[in-house]
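Written below as structure tokens is the structure these notes are about.
Here, residue 1 is the first one in the sequence, and each next residue gets the next number. The figures here come from the full heavy-atom set of this structure, side chains too, leaving out hydrogens, waters and symmetry mates.
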Amino acid sequence: MNTPPALATLPAGIVSLADHEAHARTRLDENAWAYFSGAAADELTLAANRRSWDGLQLLPRVLQPLAGGHTRVPLLGRTLAHPILLAPVAYQRMAHPDGELATAHAAAALGAGLVLSTQASAPLEAVARIVLDEPARGPLWFQLYLQDDRGCTRELVQRAETAGYEALVLTVDAPVHGARDRERRAGFTLPAGVRAVNLAGHAPSAQPKLQPGQSALFDGLLRQAPTWEDLAWLQTQTRLPILLKGVLHADDARQAARLNLAGLVISNHGGRTLDTTPPTAAVLPRIAQALGGELPLLVDGGIRRGTDVLKALALGASAVLVGRPYVYGLANAGAVGVAHVLRLLRDELEIAMALCGCRTLEQRPSDLLWKA
Ligand SMILES: Cc1cc2nc3c(=O)[nH]c(=O)nc-3n(C[C@H](O)[C@H](O)[C@H](O)COP(=O)(O)O)c2cc1C
């Protein structure tokens, strides 16, 4: 039996994800705020992600029959109550003492898919037990960073399989940290007691002594950076479906489609890796066109409104993920805050669907987006 965490109350006046963000700013210390809200370098991609969803317009339809409508969508062989998943976000105990366990309770209760980070600050088994106990739950996936030791990766994957995770989300856009200026300015460090507990005992391999003129990255850390060969190896190690997260180039998407993967997450890591990438709302339709429906596409980055969710589906996504907003909800009120963020997004999605004459997401009008 999993005991749900004690329920906090939501502060008054929070009616949108932006309100959650503003309130979380008052609750998190500088260190945690820099980590959760920051992005790489000048944070241009972070801003562009948002601007780009805002720049799309929905074209309403009137007098359409709407009774019996719903937000259900098919994904990887099952039907989801709605197309909103929680993106993998590391170290959630820095936002709230209950961390990923609170997030798991909220996701499961709201039928939202949960993608647990390799760098979670709670044991992956405990998170899985919470989610799997809830009959109305959404999918439970494990986000994988390939470790430089294949034995460690294999062990992590086996633990995830045994615990009941239903897919692996292999993140491929972060072989190295972005230049996180905001974190460096804040002197970011992980607080005592918050760590990547599922990697305990997996020490990173020792770096070689560099010769003068050698690069600490190319001749050091990146010697073991994952390649397509490592993905092929991973496929031999697991029976779980694999999605690739962090694909932006159409050629990478095509290569992934040839490899019998389960799906792609079109993502720029919320602007935290390479700054000045295109926003995901701009990339998604190109990849959808390049793949012609060969693989399910998910998208994240800057999704803050139910209208954004509808726009993403209109551009070819099967589902979306949100990152920072639910961490802000977590900081504000633990599981209640995360649940509130999910409820707001879903309510806004239903309102947007109704006003666009869209009874179900599968039968949405093809001209949902305004073309000036
Ligand atoms: C604080 C933070 C930590 C993150 N940690 C991970 C991680 O461990 N693994 C991963 O694949 N993505 C990670 N991401 C990226 C998210 O999964 C997601 O791609 C991004 O947050 C989506 O953008 P949004 O925050 O604008 O919704 C992290 C993002 C944030 C903000």
Side-chain angles (χ1 to χ4, degrees), residues 30-46 88-91 94 117-121 142-157 159 168-237 242 244-249 251-252 255-256 259 265 267-278 323:
E30 283 306 316
N31 191 58
W33 179 251
Y35 178 70
F36 288 122
S37 71
D42 298 312
E43 306 193 342
L44 297 173
T45 297
L46 176 72
V89 172
Y91 304 122
M94 213 168 21
S117 166
T118 287
Q119 294 174 327
S121 48
F142 184 70
Q143 177 267 323
L144 183 67
Y145 282 125
L146 287 172
Q147 303 299 300
D148 46 21
D149 177 273
R150 281 189 170 176
C152 295
T153 303
R154 194 184 301 115
E155 194 188 306
L156 255 185
V157 168
R159 274 179 66 191
L168 297 177
V169 177
L170 181 67
T171 299
V172 288
D173 61 359
V176 59
H177 268 307
R180 303 255 189 87
D181 291 0
R182 190 131 59 107
E183 280 179 26
R184 285 186 293 165
R185 279 186 209 111
F188 171 72
T189 49
L190 275 179
V194 177
R195 57 200 174 87
V197 292
N198 297 300
L199 295 175
H202 296 186
S205 50
Q207 294 302 316
K209 194 165 165 6
L210 295 175
Q211 301 303 317
Q214 281 194 310
S215 153
L217 273 189
F218 292 108
D219 303 307
L221 185 73
L222 292 179
R223 286 174 317 135
Q224 276 129 336
T227 64
W228 290 101
E229 275 175 36
D230 295 294
L231 170 57
W233 168 81
L234 179 66
Q235 288 181 295
T236 67
Q237 301 298 310
I242 301 174
L244 277 198
K245 174 171 181 281
V247 174
L248 294 178
H249 198 294
D251 286 349
D252 287 342
Q255 181 151 357
L259 292 177
V265 183
S267 173
N268 50 31
H269 218 106
R272 294 169 72 81
T273 51
L274 179 64
D275 198 19
T276 76
T277 70

| field | Check against side-chain contact (heavy atoms from CB on, under 4.5 Å), T45 and L274 | value | CA-CA 8 Å; T45 297; L274 179 64; over 6 Å; no
| task | With sequence neighbours excluded, tell me which residues meet side-chain contact (heavy atoms from CB on, under 4.5 Å) with L44. | result | D42, D275, T276
| Of all heavy-atom pairs between A39 and G271, which one has the smallest distance, and what is that distance? | CB-O, 3.1 Å
| task | With rounding to the nearest 0.5 Å, note down the distance linking CE in M94 to CZ in R195. | result | 14.5 Å
| Are side-chain heavy atoms of V89 and Q119 found at a separation under 4.5 Å? | no
| message | Between T171 and K245 (side chain of the first, backbone of the second, donor and acceptor by atom type, cut-off under 3.5 Å), is there such a pair? | response | no
| query | Going from CG on N198 to CZ on R159, what distance comes out if it is rounded to the nearest 0.5 angstrom? | reply | 4.5 Å
| message | Would the distance check show the side chain of N31 and the main-chain N or O of T189 forming a donor-acceptor pair, the cut-off being under 3.5 Å? | response | yes
| Do you know the tightest heavy-atom contact between A40 and G178? | CB-CA, 4.5 Å
| message | Please list all pairs meeting ring pair (Phe, Tyr, Trp, His ring centres under 6.0 Å) that have one or both residues in residues 169-219, counting only residues at least two apart or in different chains. | response | Y35-F188
| message | Between E183 and R272 (salt bridge meaning N to carboxylate O under 4.0 Å), is one present in this structure? | response | yes
| query | Can you tell me how far the CG atom of D230 sits from the OG1 atom of T153, to the nearest 0.5 Å? | reply | 8.5 Å
| said: Tell me the closest heavy-atom pair linking P226 and L146, and the distance in Å. | reply: CB-CD1, 3.6 Å
| query | So, for L244 and A256, which heavy atoms are closest and what is the spacing to 0.1 Å? | reply | CD1-CB, 4.1 Å
| Does the side chain of Q235 come within less than 4.5 Å of I242's, by heavy atoms? | yes
| query | Side chain of D252, backbone of H249: donor and acceptor closer than 3.5 Å? | reply | no
| Short side-chain to backbone donor-acceptor contact, Q143 and T118, under 3.5 Å | yes
| Do L259 and W228 have side chains that get closer than 4.5 Å, going by heavy atoms? | yes
| remark: Between A225 and P175 the two heavy atoms that sit nearest each other are CB-CB, 4.2 Å
| message | Within the 4.5 Å heavy-atom criterion, are W233 and E229 side-chain neighbours or not? | response | no
| What is the distance from atom CD of E30 to atom CZ of R182, rounded to the nearest 0.5 Å? | 9.5 Å
| query | Tell me, do F142 and V169 make a side-chain contact under 4.5 Å, heavy atoms counted? | reply | no
| About how many Å separate NE2 of H269 and OG1 of T277, when rounded to the nearest 0.5 Å? | 12.0 Å
| message | Taking L210's backbone N and O only, do any of them form a donor-acceptor pair with Q214's side chain (distance below 3.5 Å, no angle check)? | response | no
| said: Has Q147 got a side-chain atom pairing as donor or acceptor with R154's backbone, closer than 3.5 angstrom? | reply: no
| request: Report the C-alpha separation of V265 and V247 in whole Å, then their side-chain angles, then the decisive distance to 0.1 Å, and conclude whether the side-chain contact (heavy atoms from CB on, under 4.5 Å) test is met. | output: CA-CA 7 Å; V265 183; V247 174; over 6 Å; no
| field | Exercise: identify the closest heavy-atom pair between D173 and N268 | value | OD2-C, 4.0 Å
